[in-house]
Amino acid sequence: MEALLEQIESYRQEMSSYQVANAENLEAFRIKFLGTKGIVKNVMAEMKNVPSERKKEFGQILNAFKIFAEERFETLKESLTSTSQQTYPDIDWSLPGDPIPVGTRHPLSIVRNQMASIFKRLGFAIAEGPEMEDDWHNFTALNLPENHPARDMQDTFYLNQNPDYLLRTHTSSVQARIMEKQKPPIRIICPGRVYRNETISARAHCFFHQLEGLYVDEHVSFADLKQTLYFFVQEMFGKDVKLRFRPSYFPFTEPSAEMDISCTVCGGHGCSLCKYTGWVEILGCGMVHPKMLDNFNIDSNKFTGFAFGMGVERICQLKFRVNDLRLYSQNDVRFLRQFTGAV
Ligand code: 2U9
């Protein structure tokens with residue numbers, strides 16, 4: 001019996017040092033040790049020669065030997081699959097790989113990033129907020145009272161009524177959330193997607209992208225607003241672009257204005273883009289309404305602020321001459337590929 005024990009120990013050592021370089025080696029191991037006429041079977045057959053008083057002891061030894069052989073087989077198999085180079089010896093691993101097609105940034109992302117980097121240089125931080133909003137942050141806090149037409153079901157996608165939850169109709173709700181938490185000085189831009197219940201056409205869509213800005217501090221004036229927007233326009237469209245302000249109305253600002261730039265296509269001479277006026281409207285702006293500051297417990301006797309808002313699609317249209325809003329969300333690669341190489 002001692003000879004059998006020695007034999008088992010020597011097989012164990014052989015299996016432990018067994019190495020496989022390919023599937024054939026592994027199969028040779030299986031046949032030699034685990035095959036129907038293999039070593040494990042033969043060793044197990046020795047059980048009949050074990051005297052009855054030692055059967056229990058040898059039963060355990062032989063069983064452990066069988067398990068050892070099976071586990072060693074699994075380990076060798078795993079070592080093969082983990083080094084695929086050994087599984088596929090015919091592959092030349094030094095060959096260059098197939099190129100992975102690299103996509104291109106979406107034109108709206110290109111323009112949004114460019115806009116953000118201009119404002120960042122002026123010290124504006126980027127703020128973000130939820131696309132699902134409550135009534136307070138989207139409307140009430142922003143001086144849009146309950147019967148205001150902007151709240152209409154026709155214009156707003158309501159997710160729930162009473163309490164009202166909706167898809168934000170502008171990114172002004174982000175400014176509201178910042179004013180709630182932060183004391184002046186506040187100097188932020190809020191880029192993001194907004195939703196309005198519009199019939200989809202070349203000129204309107206049920207979602208679009210805005211970039212709004214807010215600056216609240218002591219002594220902020222309309223001159224600061226003009227200079228900030230002037231810098232933005234020059235960086236975005238070049239030094240020759242002129243601007244003009246027209247009086248307007250927004251519930252969040254007083255006084256309010258709309259800003260036009262000289263047409264980037266015809267240089268102000270008149271073309272179809274500017275409808276032969278030489279000017280194109282690009283944004284709305286104004287001085288933050290004192291009521292708004294009070295809504296957020298910011299002392300409107302001490303602090304003033306300016307705000308502005310613009311559509312990223314509009315800026316993109318002027319930069320890249322995209323004349324159909326639907327192109328931005330159709331994912332047509334013939335459109336998207338045209339922006340390869342743009343930053
Ligand atoms: C707070 C205070 C002031 C945000 C402003 C505009 C003017 C504006 C629209 C123009 C075209 C966006 O893309 S558009 O629809 N925006 O004209 N937005 S002032 O003023 C704020 C916002 C929040 C707390």
Indicate whether any N or O donor in one side chain lies under 3.5 Å from an N or O acceptor in the other, for Glu14 and Tyr18. no

Over all heavy atoms of both residues, which pair between Ile298 and Val216 is shortest? Give the atoms and the distance, please. CG2-CG1, 4.5 Å

Tell me whether the rings of Phe207 and His209 are parallel (<30°), tilted (30 to 60°) or perpendicular (>60°). perpendicular

Between Glu180 and Arg177, does any NZ, NE, NH1 or NH2 come within less than 4.0 Å of an OD or OE carboxylate oxygen? no

Quickly, which of Phe232, Phe231, Tyr215 forms a side-chain contact (heavy atoms from CB on, under 4.5 Å) with Leu122? Name it, please. Phe231

Can we say Glu128 and Arg168 salt-bridge, meaning some charged N sits less than 4.0 Å from an Asp/Glu carboxylate O? no

Determine, step by step, whether Lys66 and Leu62 satisfy the side-chain contact (heavy atoms from CB on, under 4.5 Å) criterion, reporting the C-alpha distance in whole Å, the side-chain angles of both residues, the deciding distance to 0.1 Å, and the verdict. CA-CA 6 Å; Lys66 184 175 175 230; Leu62 296 185; over 6 Å; no

If you apply the rule side-chain hydrogen bond (donor to acceptor under 3.5 Å, both in side chains), what do you find for Thr264 with Arg321, and how did you get there? CA-CA 10 Å; Thr264 52; Arg321 317 268 162 91; 5.4 Å; no

Say you draw a straight line from CG of Asn138 to OG of Ser172; how long is it, rounded to the nearest 0.5 Å? 8.0 Å

Regarding Asp224 and Gln227, is there a side-chain donor-to-acceptor distance under 3.5 Å anywhere? no

For the side-chain contact (heavy atoms from CB on, under 4.5 Å) test, which of Glu2, Gln7, Glu9 pairs with Leu5? Glu2

Which heavy atom in Ala307 sits nearest to a heavy atom in Leu225, and how many Å separate them? O-CD1, 4.2 Å

Between Phe308 and Phe119, does the ring-ring contact (aromatic ring centres under 6.0 Å, His included) criterion hold? Intermediate values first, please. CA-CA 12 Å; Phe308 56 87; Phe119 286 111; 5.0 Å; yes

Any salt bridge between Asp260 and Arg246, counting N to O under 4.0 Å? yes

Nearest 0.5 Å, what's the CD1-CD1 distance between Ile31 and Ile39? 12.5 Å

At their closest point, which heavy atom of Glu212 faces which heavy atom of His170, and how far apart are they? OE2-CB, 4.4 Å

Value for NZ (Lys32) from CE (Met15), rounded to nearest 0.5 Å, stands at 10.0 Å

Test the Arg72-Phe33 pair against the cation-pi criterion, namely NZ or CZ under 6.0 angstrom from the six-membered ring centroid and within 45° of the ring axis. no

Linking I/L/V/M/F/W/Y whenever their side-chain heavy atoms sit closer than 4.5 Å, directly or via other members, would Phe139 and Met132 fall into one cluster? no

For the residue pair Leu318 and Ile261, establish whether any side-chain heavy-atom pair is separated by less than 4.5 Å. yes

Taking only Lys NZ, Arg NE, NH1 and NH2, and the carboxylate oxygens of Asp or Glu, determine whether Arg314 and Glu281 approach each other closer than 4.0 Å. no

One should read off an interatomic distance between Asn49 CG and Phe58 CZ, to the nearest 0.5 angstrom, of 11.0 Å

Give me the atom names and distance for the closest heavy-atom approach of Ala141 to Asn295. O-ND2, 2.9 Å

